[in-house]
Amino acid sequence: MSEPVTVQVRAEHDYDVLIGSGLLDRLPALVGDGVARVFLMHPPALAEQAAAVAGRLTAAGYGVRTHQLPDAEQAKTVETAAGCWAALGQNAFTRTDVVIGLGGGATTDLAGFVAATWLRGVRVIQIPTTVLAMVDAAVGGKTGINTDEGKNLVGAFHSPGAVVCDLDWLRTLPEADLRAGMAEVVKCGFIADPRILELVEADPAAAMDPAGPVLAELIRRAVQVKADVVSADLKESSLREVLNYGHTFAHAVEHYEKYRWRHGEAVAVGMVFVAELAHGAGLIDLALLQRHRDVLTALGLPTRYRPGVWEELRTAMGRDKKTRGATLRFVVLEALARPTRLVGPDPALLDAAYAAITGE
Ligand SMILES: NC(=O)c1ccc[n+]([C@@H]2O[C@H](COP(=O)([O-])OP(=O)(O)OC[C@H]3O[C@@H](n4cnc5c(N)ncnc54)[C@H](O)[C@@H]3O)[C@@H](O)[C@H]2O)c1
Ligand SMILES: O=C(O)C(=O)C[C@@H](O)[C@H](O)[C@H](O)COP(=O)(O)O
Ligand SMILES: [Zn+2]
């Protein structure tokens, strides 16, 4: 077991994000003393890995109840949350017990939400197993579920006790999911750390090699961006909105596509949409707009979306959390690593950005 990199997050309590390999043995210490039981949630794809985690914790003296969730976004429903509450209740989980989310962002969002709501809040340890969850979903304390009307409309801020990013988990991650996670890494490059973009541009294949040093550095850099932002503005009073770069459009796409698009894929298109908006508004030059398309294309991520559904997307964007009344608000760049807001853009500007990403 080599020494992991540790990134500290300041929130309602401080906690560490550990990034490294062979971190399973550190888990009992992170779960903490005085804890009797652990409620371990995982998706079907990680049943074997969950058994290994449960075995390690059982050997350390904890009582472990594993709970399998539906796959991916299907886990982020009130019915699934209710199933967890029922299991916690039937097994009399108390305030000294701990929830663990082992999986991708859908699992960590749900696990965090269940932990936030059970007995009005119990400790949660996040063990992200996708690039996306390591760099983004498991860090920062945003938890939530979807409703029929939209993405992440119900949730709570509930910071984890620790986040364990064991890069070994990535060996079994399907390539399409790894690729999707790179969209959030690239997002961090555009909003805060351009070195991320340089590393991807220099060698896109190395950037996506789960066993190589480049992806490890990218993950560390993206976690640092997220940690810096949430440490300064946990509850999104202002600065934290920058982490929503590309998400206003992305969440509308995910909703319209009934979650058949991966979150990261939608974020990729969403970033091109806001880059088009920023260019149309005279904020960024053509080179920075084109850099969005180039870096995302180099990673095999989508930069185009279907035509003919603007009205549906516009309606969904009206429910975005950054919207105020009838006024849409977008995170845009005014230069590389200088995010700002575009408030209530002219409808003609929105139409032009949509036309540009549909290729019409
Ligand atoms: N809370 C936040 O701050 C935040 C940030 C970003 C994204 N999110 C949310 O995260 C979700 C997307 O997360 P995601 O991209 O990780 O998708 P996901 O959780 O759906 O996981 C993708 C797929 O990979 C499987 N999987 C996960 N780890 C695996 C592994 N190591 N080996 C094999 N299969 C594995 C999962 O079972 C799933 O089928 C979205 O719901 C998004 O809204 C939340
Ligand atoms: O942590 C944040 O803040 C983010 O916006 C990170 C996003 O990548 C993430 O997808 C988040 O879940 C979006 O949150 P929402 O508030 O727009 O639902
Ligand atoms: Zn996201």
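When a ligand or atom number is given, it counts from 1 through the structure's own listing order.
- Taking the six-membered ring for Trp and the full ring otherwise, the centers of W261 and Y305 sit less than 6.0 Å from each other.
- Each of the atoms 13 (C), 15 (P), 17 (O), 18 (O) of ligand 2 lies under 4.0 Å from some heavy atom of H251.
- Annotation: D109 places no N or O atom under 3.5 Å from an N or O atom of ligand 2; distance criterion only.
- Judged by distance alone, with hydrogens and angles left aside, the side-chain atoms of R95 form a donor-acceptor pair with the main-chain N or O of L119 at under 3.5 Å.
- In D136, the part holding a heavy atom less than 4.0 Å from any atom of ligand 2 is the side chain.
- For the residue pair D193 and Q224, no side-chain donor N or O sits within less than 3.5 Å of a side-chain acceptor on the partner.
- Around the Zn ion (ligand 3), protein N, O or S atoms at less than 2.8 Å number 3.
- Ring geometry, F93 versus F39: the interplanar angle exceeds 60°, so the pair is classed perpendicular (tilted spans 30 to 60°).
- Scanning the protein for heavy atoms near atom 5 (O) of ligand 2, the closest one is N244 ND2, 2.9 Å.
- Around ligand 1, the residues contributing at least one heavy atom under 4.0 Å from the ligand are P43, A45, L46, D71, A72, E73, K76, G104, G105, A106, D109, T129, T130, L132, D136, A137, K142, K151, N152, W169, T172, L173, P174, D177, E184, K226, H263.
- The nearest protein atom to atom 12 (O) of ligand 2, hydrogens excluded, is given as N152 ND2, 3.4 Å; this is a heavy-atom distance.
- The contact set between ligand 2 and K321, taken as ligand atoms under 4.0 Å from a residue heavy atom, comprises 15 (P), 16 (O), 17 (O), 18 (O).
- Residue contacts with ligand 2 for E184 involve side-chain atoms from C-beta outward but no N, CA, C or O (heavy atoms, distance under 4.0 Å).
- Between K187 and D136, at least one side-chain N (NZ, or NE/NH1/NH2) sits under 4.0 Å from a carboxylate O, which counts as a salt bridge.
- In this structure, D97 pairs ionically with R37, as a charged nitrogen and a carboxylate oxygen lie closer than 4.0 Å.
- In terms of heavy atoms, D209 sits closest to L215 at O-CB, 3.6 Å.
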* Report the C-alpha distance between H263 and H251 in whole Å, list the side-chain angles of each, state the deciding distance to 0.1 Å, and finish with yes or no for ring-ring contact (aromatic ring centres under 6.0 Å, His included). => CA-CA 8 Å; H263 177 69; H251 282 172; 5.5 Å; yes
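- Heavy atoms of E241 come nearer than 4.0 angstrom to ligand 2 in no pair at all.
- Checking K151, R240, E236 against atom 3 (O) of ligand 2, the nearest heavy atom belongs to R240.
- What sits closest to atom 9 (C) of ligand 2 on the protein, heavy atoms only, is H247 NE2, 3.8 Å.
- Using a 4.0 Å cut-off to heavy atoms of K187, the atoms of ligand 2 that qualify are 6 (C), 7 (C), 8 (O).
- When all heavy atoms are compared, the tightest approach of L18 to P4 is CB-CB, 4.4 Å.
- Interface of K226 with ligand 2, defined as ligand atoms under 4.0 Å from a residue heavy atom, comprises 1 (O), 2 (C), 6 (C).
- Salt bridge status for E257 with R306: present, with a side-chain N to carboxylate O gap under 4.0 Å.
- Exactly one of R324, K322, K321 qualifies for a salt bridge (charged side-chain N to carboxylate O under 4.0 Å, His left out) with E241. That residue is R324.
- A salt bridge does not link R304 with E276: every distance from a Lys NZ or Arg NE/NH1/NH2 to an Asp or Glu carboxylate oxygen is 4.0 Å or more.
- Closest approach of C188 and I196 over heavy atoms only: CB-CD1, 3.9 Å.
- Contacts between H263 and ligand 2, counted as non-hydrogen atom pairs separated by less than 4.0 Å, involve the side chain only.
- Using a 4.0 Å cut-off between charged nitrogen and carboxylate oxygen, E12 and K235 do not count as a salt-bridge pair.
- A salt bridge does not link R262 to E73: none of the charged side-chain nitrogens sits closer than 4.0 Å to a carboxylate oxygen.
- Summarising the geometry of G101 relative to A111, their closest heavy-atom pair is CA-CB, 3.6 Å, with the distance given to 0.1 Å.
- Ranking the protein heavy atoms by distance from atom 16 (O) of ligand 2 puts K142 NZ, 2.8 Å first.
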